[in-house]
Amino acid sequence: MENNFLRVEGLSKRYAVDKPPVFENISFTIQRGEFICIIGHSGCGKSTILNVLAGLEEASAGHVFMDNREVSGPSLDRGVVFQTHALMPWLSVLSNVAFAIKSRHPDWSRARIEERALHFIDMVGLKVHAMKKPSELSGGMKQRVGIARAFSIEPKMLLLDEPFGALDALTRGVIQDELLKICAETHQTVFMITHDVDEAILLADKIFLMSNGPNAQIAEIVVNTMPKSRTRADMHHDPQFYRIRNYLVDFLVHRSKQIQASASSEKTQDTITVTPGLETVVAIKCA
């Protein structure tokens with residue numbers, strides 16, 4: 001069996017000594033090629049966990065290991081896409097992506113860098129817009145450039161912090177389809193924050209559910225039992241979709257608060273099965 005690609009051990013974050021931790025004792029593993037979505041209410045520390053994985057922020061306690069090496073700062077091995085596109089406005093689409101590739105391959109020729117950049121720009125369906133500046137693009141197109149740029153450095157792991165949160169539903173769906181296609185082709189490992197339950201069910205192999213902060217925990221890990229070939233158009237026809245969706249919504253509305261209220265310092269880990277029947281949702285209860 002392959003070793004865990006990403007290993008998080010006892011992660012905690014406290015911003016002041018006289019304040020309770022935002023989250024505490026967070027431990028989980030991710031296998032190479034897995035797509036993980038993490039869901040929880042605002043303030044539970046999801047973005048902080050992602051920033052720690054990216055090496056952009058230090059945890060108060062705990063460790064993160066990727067590929068058996070401890071994460072101690074930013075690295076091109078981890079590509080990050082935030083909710084805002086963060087493109088350089090004075091550069092074209094091509095130059096924005098080429099800049100990232102040059103950071104990874106400083107010894108490559110300009111022609112080789114541009115050829116590689118166009119490959120990833122084409123991958124997100126923007127080749128005809130390669131010479132445009134960000135100001136000439138729609139919000140969804142800018143996010144696609146951000147995704148192309150993140151993929152262009154060929155990271156071992158992709159970290160997505162609600163990258164589609166500000167987009168309209170139609171644009172969001174188009175980019176979700178692009179992301180699914182790219183990840184299927186590249187077997188990319190992904191850790192993604194989302195508030196959209198349907199998006200998590202569409203994209204994720206596993207869905208991490210965080211209890212409310214402070215003292216937030218990853219309370220349950222839900223294994224997505226739907227076929228990996230699912231699409232936005234057909235997943236609603238699968239009875240499993242509604243079982244999984246109802247389970248996730250119930251957690252967000254009810255159980256996340258109950259878990260916070262009854263949180264204790266002693267953690268246990270049990271495996272439970274939800275909605276038994278022909279199709280099941282398996283959840284790993286971590287607290």
Side-chain angles (χ1 to χ4, degrees), residues 4 6-15 19-31 34-54 56-64 71 80 82-83 157-165 189-224 244-272 274 281-287:
N4 295 318
L6 185 89
R7 191 169 79 254
V8 175
E9 298 178 348
L11 215 61
S12 299
K13 183 65 177 182
R14 185 190 299 269
Y15 286 102
K19 301 283 187 180
V22 179
F23 55 81
E24 61 176 341
N25 200 29
I26 299 289
S27 298
F28 60 85
T29 59
I30 298 177
Q31 302 302 312
E34 275 192 318
F35 198 126
I36 303 298
C37 280
I38 184 166
I39 293 179
H41 290 285
S42 296
C44 68
K46 303 183 300 299
S47 291
T48 303
I49 292 173
L50 183 142
N51 288 336
V52 172
L53 299 186
L56 301 174
E57 190 168 345
E58 289 188 10
S60 303
H63 303 275
V64 177
V71 172
V80 186
F82 296 105
Q83 187 167 344
M157 187 169 191
L158 192 63
L159 301 163
L160 308 175
D161 191 352
E162 292 191 79
F164 316 138
T189 307
V190 182
F191 182 89
M192 177 176 174
I193 296 172
T194 180
H195 280 104
D196 188 324
V197 168
D198 290 5
E199 181 172 77
I201 298 172
L202 172 65
L203 298 174
D205 299 310
K206 293 177 183 174
I207 303 165
F208 290 7
L209 303 179
M210 285 196 74
S211 62
N212 294 2
N215 304 106
Q217 307 158 20
I218 294 182
E220 296 177 3
I221 299 175
V222 176
V223 179
N224 193 344
I244 297 171
R245 191 180 195 280
N246 291 342
Y247 187 82
L248 299 181
V249 170
D250 182 67
F251 175 88
L252 292 172
V253 174
H254 301 293
R255 297 199 312 281
S256 60
K257 299 174 185 176
Q258 296 167 358
I259 290 169
Q260 181 196 29
S262 62
S264 65
S265 58
E266 184 177 351
K267 309 294 188 296
T268 60
Q269 182 160 318
D270 305 305
T271 301
I272 61 173
V274 184
V281 181
V282 177
I284 303 169
K285 189 173 183 181
C286 301

Value rounded to 0.5 Å, distance of CD1 in I38 from CG in L160
13.0 Å
Looking at every non-hydrogen atom in both residues, tell me the closest pair between I39 and A200 and how far apart they are.
CD1-CB, 3.6 Å
If every non-hydrogen atom of F251 is compared with every non-hydrogen atom of M210, which pair is closest and at what distance?
CE2-O, 3.3 Å
Heavy-atom side-chain contact between K13 and S60 under 4.5 Å
yes
As an exercise, state the distance from CD1 of I221 to OG1 of T29, rounded to the nearest 0.5 Å.
7.0 Å
Donor-acceptor contact below 3.5 Å, side chain K46 vs main chain G40
yes
Taking the side chain as every heavy atom from C-beta outward, state whether I201 and N224 have any atom pair closer than 4.5 Å.
yes
Take D161 and L159 through the side-chain contact (heavy atoms from CB on, under 4.5 Å) test and state the conclusion after the steps.
CA-CA 7 Å; D161 191 352; L159 301 163; over 6 Å; no
Closest non-hydrogen atom pair, R14 against P20:
NH1-CA, 3.7 Å
Contact between V80 and L50 at the side-chain level, heavy atoms closer than 4.5 Å - yes or no?
yes
Given M157, which of T189, I36, V71 fulfils the side chain to side chain contact (heavy atoms under 4.5 Å, CB included) condition?
T189
S27 side chain to G10 backbone, donor-acceptor under 3.5 Å:
yes
Indicate the atoms forming the closest heavy-atom contact of P21 with P214, along with that distance.
O-CB, 3.4 Å
Can you find a pair of side-chain heavy atoms, one from I26 and one from S12, that are under 4.5 Å apart?
no
Return the set of residues passing side chain to side chain donor-acceptor pair (under 3.5 Å) with H195 (not counting sequence neighbours), or none when no residue passes.
E162
For L248 versus V222, what's the shortest heavy-atom pair and its separation?
CD2-CG2, 4.0 Å
Could you measure the distance from the CG atom of L11 to the CD atom of E24? Nearest 0.5 Å is fine.
11.5 Å
Given side chains that start at C-beta, do those of D198 and R245 come closer than 4.5 Å, heavy atoms only?
yes
If you compare all heavy atoms of Q31 against all heavy atoms of E34, which two are closest, and at what distance to 0.1 Å?
N-OE1, 2.9 Å
Return the CD1 to OG distance between I193 and S47, rounded to the nearest 0.5 Å.
3.5 Å
Validation row: F191, I49 side chains within 4.5 angstrom (heavy atoms)
yes
CG on N215 to SG on C44, rounded to 0.5 Å
12.5 Å
If only atom types and distance count, is the side chain of H41 paired as donor or acceptor with the main-chain N or O of L252 below 3.5 Å?
yes
Between CG of L53 and OG1 of T48, what distance do you get to the nearest 0.5 Å?
11.0 Å
Look at the aromatic rings of F208 and F28 and report parallel, tilted or perpendicular, splitting at 30° and 60°.
perpendicular
Taking side chain to side chain donor-acceptor pair (under 3.5 Å) as the definition, give me every residue that meets it alongside D205, ordered by chain and number, with sequence neighbours left out.
K228
